[in-house]
Amino acid sequence: MQATVFFKNLWDDYVKLAPQAEAIQHLFSTTYACPIQNDHVAFRTFARSPISIEKLQPLLAMVGYQPYDEYHFAEKKLFAKSYAHTDPEQPLVFLSELNWWDLHDDCQDIIGRILQQIPDDTAQHPDIFWSSTHWPKISWQDYLLLESSSEYAAWLSAHGLHANHFTVSINALPKLANITEIVKLLHDNNFALNVAGGEIKGTKADLLMQASTLAPEIVVDFADASHPIPGCYYEFAERLPDNQGNLFRGFVPASANKIFESTDRNQKR
Ligand code: NI
């Protein structure tokens, strides 16, 4: 599958869970009079499952992506890998997965029931990346229980596979644009930002500075009733060149750790 087709399909699915994304894209493209390019697109999944990173990686290869780097988030019980395309104009891809066996027993039970429903041969085609849930709807009570120990687990169990966020490349905007200006533009237009770890995560020394919106709540059907919960968010990334003059293409774990909290229901919207 061509990368352009892959990302078009992903975006069309993503905007249903990120109702603000098209408005922000429009705001940027009119402010800077240029098309918007993506820095990276990120996904969430379950480790040791038919949809684990190991199972998804060959499907990314079908789109032209190869592994680039690896990351561990001990506090959030996550492992992640980044992927780069053979065409450097294509965005990076960031896959994270939940080490669910490190959660409390009651959370492990809920996730164990979810994973039993996923056929072993589920990962066959790149369209899995926007295929939503492969299990029956969870109950609201189970959602709340998961959320109390892992907000990531709750989000993933309710939504399944989608682009969790797209990320605007600030470097691809005209020269005057920088992360401080982008944050001000978002404030001026009343978009709520994720403040965990500060609005701007990372410093020039990190070679990557990031900000993100707080995922707006969307109504999701649970087994017993419908409830509003955080959907998907939009991220903004500015990269700096390293000593050799090459733009940094990695991720900064301390920053990514806080970006995950963009779907935290406890942050004020
Ligand atoms: Ni990201």
Side-chain angles (χ1 to χ4, degrees), residues 3 6-7 10-11 13-15 17-18 20-21 24-25 28 36-45 53 56-57 60 63 65 67-73 75-85 88 90-98 129-130 150-152 155-156 159 161-173 177-179 182-183 186 191-203 206-216 230-240 247-264 267:
F6 179 76
F7 289 111
L10 261 184
W11 175 265
D13 171 68
Y14 161 75
V15 294
L17 284 84
Q20 59 180 199
I24 293 175
Q25 198 178 58
F28 285 4
I36 304 306
Q37 288 185 34
N38 296 311
D39 177 273
H40 66 271
V41 179
F43 300 88
R44 297 178 173 184
T45 193
I53 287 179
L56 296 179
Q57 184 166 298
L60 271 186
V63 189
Y65 279 91
Y68 185 81
D69 211 346
E70 296 187 2
Y71 306 91
H72 292 272
F73 302 92
E75 178 202 330
K76 291 194 168 60
K77 301 164 176 60
L78 302 174
F79 169 67
K81 283 178 85 165
S82 67
Y83 296 83
H85 199 276
Q90 296 297 338
L92 299 164
V93 168
F94 188 86
L95 298 187
S96 63
E97 65 181 13
L98 177 67
F129 286 98
W130 55 91
S150 166
E151 184 275 312
Y152 181 110
W155 188 95
L156 176 57
H159 292 299
L161 294 171
H162 301 275
N164 169 262
H165 60 274
F166 271 70
T167 308
V168 173
S169 167
I170 298 175
N171 298 75
L173 296 174
N178 59 54
I179 188 120
I182 293 292
V183 164
L186 291 163
F191 290 106
L193 298 181
N194 170 5
V195 297
E199 280 183 341
I200 297 174
K201 297 157 197 28
T203 64
D206 292 322
L207 306 182
L208 173 61
M209 294 184 290
Q210 296 163 273
S212 60
T213 64
L214 266 186
C232 295
Y233 57 95
Y234 213 173
E235 190 187 316
F236 317 94
E238 180 181 350
R239 294 180 181 273
L240 288 101
L247 218 50
F248 177 64
R249 298 196 86 196
F251 290 88
V252 178
S255 300
N257 190 47
K258 295 299 181 186
I259 291 274
F260 281 119
E261 294 173 27
S262 304
T263 52
D264 185 351
Q267 276 199 56

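Counting from 1, the numbers follow the sequence of the chain as shown. One-based numbering, in listed order, for ligands and for the atoms of each.
- When each of His165, Glu235, Gln20 is tested with Thr213 by the rule side-chain contact (heavy atoms from CB on, under 4.5 Å), just one qualifies, namely Gln20.
- For the residue pair Tyr83/Gln57, the side-chain donor-acceptor check at 3.5 Å is satisfied.
- Below the 2.8 Å limit, the Ni ion (ligand 1) has as protein N, O or S neighbours His40 NE2, His165 NE2, Glu235 OE1.
- With 3.5 Å as the limit, one finds no donor-acceptor pair spanning the side chains of Asp39 and Thr167.
- Between Glu261 and Lys76 there is a salt bridge, since a side-chain N of the basic residue sits under 4.0 Å from a carboxylate O of the acidic one.
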Could you go through Tyr234 and Phe191, starting from their C-alpha distance and side-chain angles, then the distance that decides it, and tell me whether this counts as ring pair (Phe, Tyr, Trp, His ring centres under 6.0 Å)? CA-CA 10 Å; Tyr234 213 173; Phe191 290 106; 9.3 Å; no
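- Both the sub-6.0 Å distance and the 45° axial angle are satisfied by Arg239 relative to the ring of Phe251.
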